[in-house]
Trainee: 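Quick one: the structure is below, and I'll ask about it shortly.
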Amino acid sequence: MNGKSYGIMKKVHALEGYMSHQILVCDDDREIVEAIGIYLMQEGFQVLKAYDGAEALSILRLHSVQLVILDIMMPKLDGLMTTIRIREQWNVPVILLTAKSEDVDKITGLTFGADDYVTKPFQPLELMARVKSQLRRYTRLGSQQQSPQLLTTGGLALSMDSKELTVDGENVRITPTEFGILSLLMQHPGKVFSMEQIYQHVWDEPAFAVENTVAVHVRRIREKIEINPKNPKYIKVVWGIGYKMEKL
Amino acid sequence: MAIKWKSFRYSSLGKGLALLLGLITFVAMCNSFAWLAMRSFEFSKDDYFETSSFQNRFINDVQRVIDQATLYRNAEKRKIEQEKANGNQPILSETGENLDNVRNYLDDEQLYQFNLNLQYLKTNQNFLFDIRKKDGTLVIQNQALRGNEALLDRARFEMEWTDLTLKSSGTVSSNLTETLLHLLIYSQLSDFNIRFGIRDVMEYGDPYFHDYHQFQVTEEAMETVLGLLILSAILFIILLFNIISVSGRREPKGLIKLLFYDYLPVEISTCLALFFLFVFCTPIVSNYQSDASFIPFITAFSSCIYIVGALWVLSNVRLMKAGVWKKHTITWQIFHMLSGLLKLLFRTGPITWIGTSFLVGWVLIDLGLVIFLMNSRRVGIIIVAVLFLVFNATVLWMVINTLSSFSRISKGLSDMRNGNLDMTFHLPQLPAPVATMAQNIDDIQRGMKEAVSSAIRSERMRTELITNVSHDLKTPLTSIISYVDLLRQEVEPGSKADEYVTVLASKSERLKTLIDDLLEATKASSGNLPVSLQPIQMNALVRQVLGEFEDRIAEKELDIRFSEVDGVPHVLADSNHLGRVMENITSNLVKYALQGSRVYISLSGDEHYVCLTIKNISSSPLDIPTEQLMERFVRGEKARTGDGSGLGLSIAENLIQLMHGKFSIEIDGDLFKTIICLPCSA
């Protein structure tokens, strides 16, 4: 773990302006809430604590909160129901935490309105990176003009004319090939492209023994845009068929 | 008050009283009815003089008068003859006593008749008559008319026979007139002038007066007797209702108690009742004299009927109230026994035996009926024909019933086969052999349902277990990892504490991997994983994997030789599972391959399967047999160090099997060969 840092985390240390942000941590396990609180405070955030969904909602009503970290398996009101209730009134980003790692649970969580999903046990550093990414997205919300030339998915924004990529508001350098791949995938979010199709679109040559190239390029892109390239949220592999850009 | 009355009704005293009163009213009813019947037959007319009794008597008297006249004429003829023989000299010449004269000329028999008639006519003194000869000479007349002939003029029914005509004054029924006319014409008394009639004011003493009086009395009595009849009838009906309603019980709504003779079969008791009736009534009837008053006769007769009838009726009523009337008949008992026998036959015998005997029985009975039919005449033919039809209709109905129940069971079975385990057959309605079958099928079905539900239950429990265990293991582990990380921040880098914490961190990480793998393996082996099969391109797959693991492969400086071949058909597999398999294998490869060695990857296939083969050199010697390596928790090195969980291969094998493929390993010295075969998608 030491020495290896996740892609975007390299860039986060210089960011400022988070001193005033309040983050709500909600889990029925007190030790975990404690631990997460410590990490957050180390990063300079202010922490509010809750131990069940009802408590979380009442805190939200009384305080200004910029992000919610929410466990799913809780008594009284579980994380999913709490997410729905939160979404009824607020737009605040929600990161779901849980030991349930089934795909169906991840999808359910995101469908219910959460912005991100982290499985336990988690790497604290990864959690922090996600928190910051969400916050950046949240504060930058509205400051991004929507134009037909701007492709967006989640925190990614690809400008077709300037050929620039921003990840959660931060500019990220990409090569023309990487741009080509990203633009294809982001123009059709959710659609699976085979490696031949990607190659043909990008290199504009008939595909021939090209899978290696494409796979390597995808890996490089992941390094740049994903918080945890081993657990990619944006570019998903569909084994034996191709890749797709997740519709977020 | 009502309760007392009710319980009185049910008491022995009450019942006895009711019966007695019933007898009285019944007798009264019968008597009054009989009286009315008799009288109405006799005296159905409004007027006495219309009644047949009067008319018959009247006609008889007229006939006597005619006889007298005829006798007189005969005597006179003889007298004349004798006088002629005597020189035409009257023998006696007294006025008004011609009768005596004439009488002398009758012979003994005629005289006897003459006197007899005279007697009768004298007795019926209200019958006035006057017989004269054509010339007016009196022959004979009613004594009352002597010296008072105007009486006849005033008479009721005054009729005059003269010149072969019958004149009548007053209202006389035409029947009477006709009959009398016939009599008179037949008598050939054309030379007589006969007048007759009934005194207007009847004198006491003769039958006419008596009957007339009777008639009057009857007229008046009629209404009374009618009233008596109605009253007694009403009372009788009330009492009857009461008797019937209280019979059999000691108290209101009590249990029905049967008397000893109720236990006789109904047919027998009926015959007995008829017998007793016969025994009692015959002497009564034979002792009856028609002219005596009918009251004692009727009383005795109706009492007999009442007593025997009451006993019989009440016995049947009790049986019916107790609901056992049917069972007390011989017919039913025979029928019951027979059907019990048949049922027994049906239940215990095998279907073939029952069916054959049924068929044989049917044929025999039909044959018998046909023979009967041929040998009977007229009414017999009708009866036998009806029997024949009824019998065959019943048989047909039974057969159809059985067959339809068979077909119902068959349909139920096929429904069951299709998964509907909620069939029920209405068991009581099925004929016996079929019912056993239905029962058995029902039992099987129940067993199946239980098995299915228990299987579902255990599956559900297993899924819950996996989910719960997963959550329960991961939660504390999360705390461990978090706090170990925090701890790391607290310790001085390079210190002993730092070393220890590093160990803790790596081990907890390992624990995480183990738990994930364990859950994966459990799911894969339980077959609980959803599998969605799609056509997968193996070439693309290999490339993707190599791409994903590029850096780690580069670290180990492995030289991948992938001999790509065109035209490899697609395989039918689940892309996620297959990806997982490839990850496991590649991670193994990266972990255990010899640093800097070559790895050979190739694809081959026939029309059914496409096989991927990976060959590599193992960095440490493989001293474990192949089969053992595939087992869970077995790692390549006996030392069990490193971060493998030993489950990778096991999981991969399970996943491949789940996709209907084959997974195998071959070890040849240091050469490690992995072969994955998957079915073609075509």
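The structure presented is a predicted model; accordingly, all values stated were derived computationally and were not measured. Protein chains get the first letters and strands the later ones, always in sequence-line order, with residue 1 at the start of each.
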Trainee: Would you give the length of the straight line joining atom CD1 of A:I241 to atom CG of B:L541, rounded to the nearest 0.5 angstrom?
Mentor: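 It comes to 10.0 Å.
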
Trainee: If you measure from OG1 on A:T119 to NZ on B:K512, what distance do you get to the nearest 0.5 Å?
Mentor: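 It comes to 6.0 Å.
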
Trainee: Is B:V545 in contact with chain A via its backbone, its side chain, both, or neither, using a 4.5 Å heavy-atom distance?
Mentor: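 Contact with chain A involves both backbone and side-chain atoms of B:V545.
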
Trainee: Enter the distance from A:I32:CD1 to B:T475:OG1 here, rounded to the nearest 0.5 Å.
Mentor: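 Between atom CD1 of A:I32 and atom OG1 of B:T475 there are 6.5 Å.
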
Trainee: Which one wins on heavy-atom pair count under 4.5 Å against chain A: B:L486, B:I515, B:L477?
Mentor: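 Ranked by heavy-atom pairs under 4.5 Å with chain A, first place is B:L486.
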
Trainee: If every non-hydrogen atom of B:I481 is compared with every non-hydrogen atom of A:F122, which pair is closest and at what distance?
Mentor: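 Nearest heavy atoms, B:I481 then A:F122: CG2-O, 3.8 Å.
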
Trainee: Taking A:Y39 for its side chain and B:S482 for its backbone only, find out whether a donor-acceptor pair lies under 3.5 Å.
Mentor: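 Yes.
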
Trainee: Return the option, out of B:Q489, B:H577, B:Q534, with the maximum number of heavy-atom pairs under 4.5 Å with chain A.
Mentor: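 Between B:Q489, B:H577, B:Q534, the count favours B:Q489.
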
Trainee: More than 12 foreign heavy atoms under 6.0 Å from NZ of A:K49: is that the case here?
Mentor: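 More than 12 within 6.0 Å, yes.
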
Trainee: Find the one option among B:G579, B:G547, B:P476 whose heavy-atom pairs under 4.5 Å with chain A are most numerous.
Mentor: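 Looking at each option in turn, the highest pair count goes to B:G579.
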
Trainee: CD1 of B:I480 to CD of A:E31: how many Å apart, nearest 0.5 Å?
Mentor: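 Spacing of CD1 (B:I480) from CD (A:E31) equals 11.0 Å.
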
Trainee: Between A:Q42 and chain B, with a heavy-atom cut-off of 4.5 Å, which part of the residue counts as in contact: side chain, backbone, both or neither?
Mentor: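 Side chain only.
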
Trainee: Do A:R222 and B:E548 have side chains that get closer than 4.5 Å, going by heavy atoms?
Mentor: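 With C-beta onward as the side chain, the pair touches.
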
Trainee: Nearest heavy-atom pair of A:G240 and B:I536: which atoms, and what distance?
Mentor: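 Minimum heavy-atom contact is CA-CG2, 3.3 Å.
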
Trainee: Can you tell me if B:E492 has over 12 outside heavy atoms packed within less than 6.0 Å of its CD?
Mentor: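 No, not enclosed.
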
Trainee: When rounded to the nearest 0.5 angstrom, what distance separates CH2 in A:W239 from CD in B:Q544?
Mentor: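 Spacing of CH2 (A:W239) from CD (B:Q544) equals 6.0 Å.
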
